[in-house]
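We use all heavy atoms of the structure for the numbers below, so side chains are in, but hydrogens, waters and symmetry mates are not. Chain letters run A, B, ... following the sequence lines, proteins first, then strands; residues in each count from 1.
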2 protein chains.
Amino acid sequence: MSDHMPPEAGTRRERARADTLREIRATARQVLVASGPDGLALRAIAREMGLSAPALYRYFPSREDLVEQLVADLYDELSDHLEAARDAVVPARPGVQLLAAARAFRHWAITHRVEFGLLFGSAAQGVVPDEAGEGPAELAGRRFGGVFAALMAQIYVEQPFPVPGEDELTPELRRQLQTWCAKLPVALPLGVMSVFLSCWITLYGMVCMEVFGHLRFALDDPEPMFESELRRVARQLGIADAAAPS
Amino acid sequence: MSDHMPPEAGTRRERARADTLREIRATARQVLVASGPDGLALRAIAREMGLSAPALYRYFPSREDLVEQLVADLYDELSDHLEAARDAVVPARPGVQLLAAARAFRHWAITHRVEFGLLFGSAAQGVVPDEAGEGPAELAGRRFGGVFAALMAQIYVEQPFPVPGEDELTPELRRQLQTWCAKLPVALPLGVMSVFLSCWITLYGMVCMEVFGHLRFALDDPEPMFESELRRVARQLGIADAAAPS
DNA sequence: CGGCGTTAGCTAACGCTGTTCACTCACTCT
DNA sequence: AGAGTGAGTGAACAGCGTTAGCTAACGCCG
């Protein structure tokens with residue numbers, strides 16, 4: 001008897017397994033926000049689902065792997081959020097889209113502090129993460145970075161902004177940017193890539209400092225400073241006209 | 001580190017207690033680097049010192065407080081490192097000193113990754129740290145920030161660099177900077193403070209990204225990029241001439 | 001000098017953690 | 001119908017932070 005059908009499903013067992021796996025990931029996420037990163041215990045996840053802790057080992061070889069999967073899921077969720085903000089911009093000018101994505105990044109970060117801490121706060125992946133290569137988290141992280149990178153490239157292609165010439169970069173930096181460039185699908189001037197990194201560092205630094213409380217020594221509400229930095233970035237990208245807050 | 005010294009006052013008991021307390025802090029630090037932040041267990045510290053775990057409760061009300069003390073110690077150590085680098089600059093021009101301190105910051109961070117993660121990651125202080133006010137860690141953190149702040153102020157006082165006028169700041173940002181300024185010993189133009197924050201965000205962002213591995217997607221060795229960002233900061237502070245790497 | 005209060009340190013214990021093992025039971029396939 | 005697979009179980013182990021109750025040494029004061 002072959003009922004063929006839902007194209008994408010395997011055997012019943014495989015479907016059930018996939019369902020449970022999804023439920024585990026969802027529950028883990030929920031426990032994370034409810035109990036903080038330290039409260040993210042296998043037993044807590046299991047209890048929430050009405051099964052016993054060792055059962056989870058049918059799905060993940062260790063807690064660490066489960067957390068890594070969770071990190072990947074969170075990166076994906078964050079990427080979705082950014083893309084949604086980007087695509088909500090009409091008309092779709094990449095400059096405005098970049099600013100929208102940046103604001104969405106900060107918004108997600110401050111409304112999901114615990115999750116953000118897991119992604120960017122060195123908690124999960126060891127602080128000394130030589131761990132060459134792979135893992136779903138690494139992959140999802142690249143998708144996240146790609147959202148910004150693509151927008152930045154698009155901005156430059158549509159309307160080039162001033163970038164340092166290659167002769168203005170130190171030879172060491174040039175070499176670093178070159179080896180990076182070689183790994184990319186499209187080739188961009190090295191100066192563009194240095195500007196991209198510089199902007200990304202500003203964005204990352206600003207949001208990290210806010211979420212981790214390292215701006216509280218100075219600012220009560222970091223949003224105005226964030227907007228100010230965003231304007232500086234926009235100026236650097238020649239999209240200052242797009243910077244008015246929505 | 002910044003404890004005052006020789007009299008070593010107090011009864012014998014008090015001295016013994018102070019000694020043990022210092023030993024605990026030193027051992028904690030050592031266990032931290034040896035076993036990572038997760039391996040920083042009370043029992044491990046106690047074992048290393050040849051005593052039992054509950055004994056530590058005579059010195060700290062909880063593990064969390066011990067970690068906070070450790071964080072304070074690390075901030076102090078880092079501050080010492082920065083001040084040493086600053087004071088090693090001859091002749092003592094504040095521009096050069098700032099760059100020296102910035103490089104020392106990065107150097108300490110990448111040679112003390114685990115400790116850095118504890119200070120600047122989301123691990124130690126709760127990610128949602130409303131915890132108003134106090135604690136030795138907060139205090140030591142302010143000393144650390146003060147090193148940079150003082151240098152920056154000195155640079156401006158000696159030779160003012162161009163800063164945005166108050167009318168170029170949004171009213172919200174102006175208000176934020178004003179309430180911060182009110183808490184400071186000396187009053188500086190708001191534009192200076194916004195530039196300081198901007199520079200500090202760059203420095204923090206760059207070093208955090210490197211240590212937490214969020215630059216590995218692009219750069220193999222982030223140092224050239226760090227130097228490039230440092231030059232940008234120097235340019236902004238009118239000390240570009242001081243930016244040549246030592 | 002003797003006694004007493006203070007206090008550093010101990011062991012034992014509780015409840016929690018991640019993880020392993022041996023087992024049961026339901027489902028799937030031949 | 002029987003064999004085999006695999007999800008889920010409870011018990012157990014080592015380790016965690018923390019509390020309680022005890023011991024013994026120390027410092028002070030009469």
With a 4.0 Å cut-off, would you call [X] and [Y] a salt bridge?
{"X": "Glu115(B)", "Y": "Arg29(B)", "answer": "yes"}
{"X": "Arg216(B)", "Y": "Glu210(B)", "answer": "no"}
{"X": "Arg143(A)", "Y": "Glu138(A)", "answer": "no"}

If you define the side chain from C-beta out and look only at heavy atoms, does anything of [X] sit under 4.5 Å from [Y]?
{"X": "Arg86(A)", "Y": "Leu82(A)", "result": "no"}
{"X": "Glu227(A)", "Y": "Leu173(B)", "result": "no"}
{"X": "Glu77(B)", "Y": "Trp108(B)", "result": "yes"}
{"X": "Met225(A)", "Y": "Ser198(B)", "result": "yes"}

Quick one: [X] [atom1] to [N] [atom2], roughly how many Å, whole number?
{"X": "Glu68(A)", "N": "dG18(C)", "atom1": "CD", "atom2": "P", "answer": "17 Å"}
{"X": "Phe60(A)", "N": "dA7(D)", "atom1": "CZ", "atom2": "P", "answer": "13 Å"}
{"X": "Ile45(A)", "N": "dG8(D)", "atom1": "CD1", "atom2": "P", "answer": "15 Å"}
{"X": "Asp38(A)", "N": "dG18(C)", "atom1": "CG", "atom2": "P", "answer": "11 Å"}
{"X": "Arg58(A)", "N": "dC23(C)", "atom1": "CZ", "atom2": "P", "answer": "14 Å"}

Task: Selection: residues 25-33 of chain A, any non-hydrogen atom under 4.0 Å of DNA chain C - done: none
Task: CG-CD1 distance between Leu40(A) and Ile45(A), expressed to the nearest 0.5 angstrom - done: 4.5 Å
- [ ] Answer yes if the ring centres of Phe217(A) and Phe196(B) are under 6.0 angstrom apart, and no otherwise.
- [x] no
- [ ] Would you confirm whether the ring centroid of Trp200(A) sits within less than 6.0 angstrom of the ring centroid of Phe144(A)?
- [x] yes
Open item on the list: At under 4.0 Å between heavy atoms, how does the protein contact nucleotides 25-30 of chain C? Give one character per nucleotide, 5' to 3', with B, S or -.
Closed with: -BBS--
TODO: Going 5' to 3' through nucleotides 15-20 of chain D, assign each nucleotide B (protein heavy atom under 4.0 Å from a base atom), S (under 4.0 Å only from sugar-phosphate atoms) or - (no protein heavy atom that close).
DONE: -BBBB-
Task: dT9(D) OP1/OP2 closer than 4.0 Å to side-chain N/O of Ser52(A) - done: yes
Open item on the list: Measuring to OP1 and OP2 of dG9(C), would you say a side-chain N or O of Tyr59(B) lies under 4.0 angstrom away?
Closed with: yes
Open item on the list: Using only atom types and a distance under 3.5 Å, with no angle test, would you say the side chain of His107(A) pairs donor to acceptor with the backbone of Arg103(A)?
Closed with: no
TODO: Under 4.0 Å between any heavy atoms, over every strand shown, what does Ala55(B) touch: base, sugar-phosphate, or nothing? Just pick one.
DONE: sugar-phosphate
